Participant: 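Before anything else, here's the structure in question.
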Amino acid sequence: MSDIITPRVLKGFRDFLPEAESQRQRLSATLATTFGLFGFVPIDTPILEYAEILLGKSGGETEKQVYHFKDNGGREVAMRFDLTVPFARFMAEHSHELYLPFKRYHIAKVWRGENTQRGRYREFVQADFDTVGVDSAAADFEIIALIRQAMIDLGTPDSKILINNRGIFNRFLASIGLAAKSVEILRTVDKLAKLGRDETSRQLAELSDGRTAGLILDFIAAGTSFNDTLDNLTRLCGGDNPDCDRLREIQSMAEAYALGDSMVLAPWITRGLDYYTGVVFETMLDAIPDIGSVCSGGRYNDLAGLYTKQRLPGVGAAIGLDRLVAALEAIDRLKPVGNPAIVLILNLDADQQAEYQGLAARLRQAGQACEVFSDTRKMAQQYGYAEKKGIEWVVFRNESDKANGTWKLKNLRTQAIEELAGAESVVASCRNLAAG
RNA sequence: GUGGAUGUAGCUCAGUGGUAGAGUCCCAGAAUGUGGCUCUGGAUGUCGCGGGUUCGAACCCCGUCAUCCACCCCA
């Protein structure tokens, strides 16, 4: 009989080993730098909120996905399932302490109790960024430019930001008398890429009729260029209007910014979430489109309407960091993250313990990360340790080195061994290694 | 939440009713003029978990958990 508890983690939850966690931290740090480049500032909020805050408006679908329970004091609480709703509460509570427009980013874990798949977990990190307190093309464009920069910085310049404006679609639907079914139609259209034209047409015909389905499909057809597509949309929804103008303004900024064809007008992109009211976007990686959008968002005209009378329009997006890591791994584009220490001091002689630590101290004082192997094990094991951790250099000394006060520095890859006069020489050599 | 596939040693997998296997990895030893090549030996599995059928189950049946895929939704 055993009283050992089987170690396991919940479905959709994961442990991260050093290599994976290093990657996550690196990407996260990269994003923080990119956000800062655009003047976005960081915030954080609690992972647990009153259930009514998180479940307030969102009925059905999201409610089923939110982890909620009674805390030890009997309060109904819930774990945040995205960073936008907590942000809305945050703004309602702190807007008087802040300034508008307020541009914030928030990189943190969120939880959703839905079924798992590759790149789809129950606990995952989102990098959310929004500009609130302003409704302008400049703000919309800044989010797009930021997504573009983030994609470049993350190592996926070969990606496309698909953009659309829901307002245009709604105008179009109104013009053909289907405004009442806009939500269903938007959802159906959103699946065009996945279902294909025929199936989408069939489903649209169920919502309206065959002729209307054809009209809708014509409407969402892609043109030969951003402006060509936009001209088509403008014509089909009854001529110039503020929503088309917004896209034109964004496009002119994109040209000045030299975004090129990384920004695509995609009339079939609508996003399922019903709080978006203006431009919406998704970001697809050319190398692995199957994994889905790695950064999605859009404009909403009232962020915190549930919690305050102050009207806060905004625009923002969320990068799915874990999905991105899964994608980068799948296309083999994660840069290896080495061990922080590039030098291992081999521990071969029980009488030299003080010397090893003394050398390590010198190195560290010089800002040089190093390790002393923590036991006098066989050399093969110490070499193996260094290799597994990606440490390229080892320092050791044999009997004669010990007598002479010298050290040997060996490159594990080239096998080259260099004899060094003393600790200062080791420090100097390691400095060169780090620099070179 | 619904449907399908999968689940055997740390890893990759073979084994379809009759005493649990291979490769790799790991450990020990030999050789090696400070490891990595070679040789010898060794360890490791409640066959995801729990029931059932059977003289006998890794294999058949049911349930359950996890992973992957599709739906739904989304990052």
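Model, not experiment: these values are computed from the prediction. Chain naming here is simple, since letters A, B, ... match the order of the sequence lines and numbering starts at 1 in each.
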Participant: Between A:F38 and A:F129, does the ring centre distance come in under 6.0 Å?
Facilitator: no
Participant: Could you measure between the two P atoms, the one in B:rA31 and the one in B:rG35, and give it in whole Å?
Facilitator: 14 Å
Participant: Could you state the CD-C1' distance from A:E418 to B:rU34, rounded to the nearest angstrom?
Facilitator: 17 Å
Participant: Without decimals, in angstroms, what is the distance between A:F396 CZ and B:rU34 P?
Facilitator: 9 Å
Participant: Quick check for you: among B:rU34, B:rA75, B:rC73, whose closest atom lies nearest to any side-chain atom of A:F124?
Facilitator: B:rA75
Participant: Watson-Crick or G-U wobble partner for B:rA5, using a 3.5 Å limit on both distances?
Facilitator: B:rU67
Participant: Taking the P atom of each, how far is B:rA58 from B:rG18, in whole Å?
Facilitator: 10 Å
Participant: Would one find a side-chain N or O of A:Q117 under 4.0 angstrom from OP1 or OP2 of B:rU67?
Facilitator: no
Participant: Atom CG of A:L409 and atom C1' of B:rU34: how far apart are they, to the nearest Å?
Facilitator: 15 Å
Participant: Expressed in angstrom and rounded to an integer, what is the separation of A:N411 atom CG from B:rG35 atom P?
Facilitator: 15 Å
Participant: For B:rC74, take OP1 and OP2 only and decide whether either is under 4.0 Å from a side-chain N or O of A:R120.
Facilitator: no
Participant: Between A:L348 and A:R323, which residue's closest nucleotide on RNA chain B lies nearer the 5′ terminus?
Facilitator: A:L348
Participant: Taking only the C1' atom of each, what is the distance from B:rG45 to B:rA5 in whole angstrom?
Facilitator: 24 Å
Participant: Could you measure between the two C1' atoms, the one in B:rC65 and the one in B:rC49, and give it in whole Å?
Facilitator: 7 Å
Participant: Within a reach of under 6.0 Å around CG of A:D15, are more than 12 heavy atoms found that belong to other residues, nucleotides or ligands?
Facilitator: no
Participant: Between A:K408 and A:G320, just flag the one whose closest nucleotide in RNA chain B comes earlier from the 5' side.
Facilitator: A:K408
Participant: Would you measure the distance from the C1' atom in B:rA75 across to the matching atom in B:rA22 and give it in whole Å?
Facilitator: 42 Å
Participant: What is the distance from CD1 of A:I269 to C1' of B:rC74, rounded to the nearest Å?
Facilitator: 13 Å
Participant: For the side chain of A:Q381, counting heavy atoms from C-beta on, which of B:rA28, B:rG1, B:rU34 is nearest?
Facilitator: B:rA28
Participant: Indicate the ring-plane relationship of A:Y385 and A:F373, choosing parallel, tilted or perpendicular according to the 30° and 60° boundaries.
Facilitator: perpendicular
Participant: May I have the distance from A:E123 (atom CD) to B:rC74 (atom C1'), rounded to whole angstrom?
Facilitator: 17 Å
Participant: Looking at B:rG35, does its base get a donor-acceptor pair with the side chain of A:E387 below 3.5 Å?
Facilitator: yes
Participant: Applying a 4.0 Å non-hydrogen cut-off, can you work out what A:D322 is touching in the nucleic acid: base, sugar-phosphate, or nothing?
Facilitator: nothing
Participant: A:R112 has a side chain; which of B:rC74, B:rC73, B:rU34 sits nearest to it?
Facilitator: B:rC74
Participant: Verify the contact: side-chain N or O of A:T116 to OP1 or OP2 of B:rU67, cut-off strictly under 4.0 Å; return yes or no.
Facilitator: yes
Participant: Please report the distance, rounded to the nearest Å, between CZ in A:R118 and C1' in B:rA5.
Facilitator: 16 Å
Participant: Could you state the interatomic distance from CZ (A:R333) to CG (A:L154), rounded to the nearest 0.5 Å?
Facilitator: 11.5 Å
Participant: Once the angle between the rings of A:Y67 and A:F13 is folded into 0 to 90°, is it parallel (under 30°), tilted (30 to 60°) or perpendicular (over 60°)?
Facilitator: perpendicular
Participant: Distance check: side-chain N/O of A:K11 vs OP1/OP2 of B:rU67, anything under 4.0 Å?
Facilitator: yes
Participant: Return the pairing partner of B:rU38 with a 3.5 Å limit on both distances, Watson-Crick or G-U wobble; otherwise return none.
Facilitator: B:rA30
Participant: Could you tell me which nucleotide pairs with B:rG10 by Watson-Crick or G-U wobble geometry, both distances under 3.5 Å, or answer none if nothing does?
Facilitator: B:rU24
Participant: Parallel, tilted or perpendicular: which one describes the rings of A:F90 and A:F102, with boundaries at 30° and 60°?
Facilitator: parallel
Participant: Could you tell me which nucleotide pairs with B:rA58 by Watson-Crick or G-U wobble geometry, both distances under 3.5 Å, or answer none if nothing does?
Facilitator: none
Participant: Roughly, in whole Å, what's the span from CD1 in A:I417 to P in B:rU34?
Facilitator: 8 Å
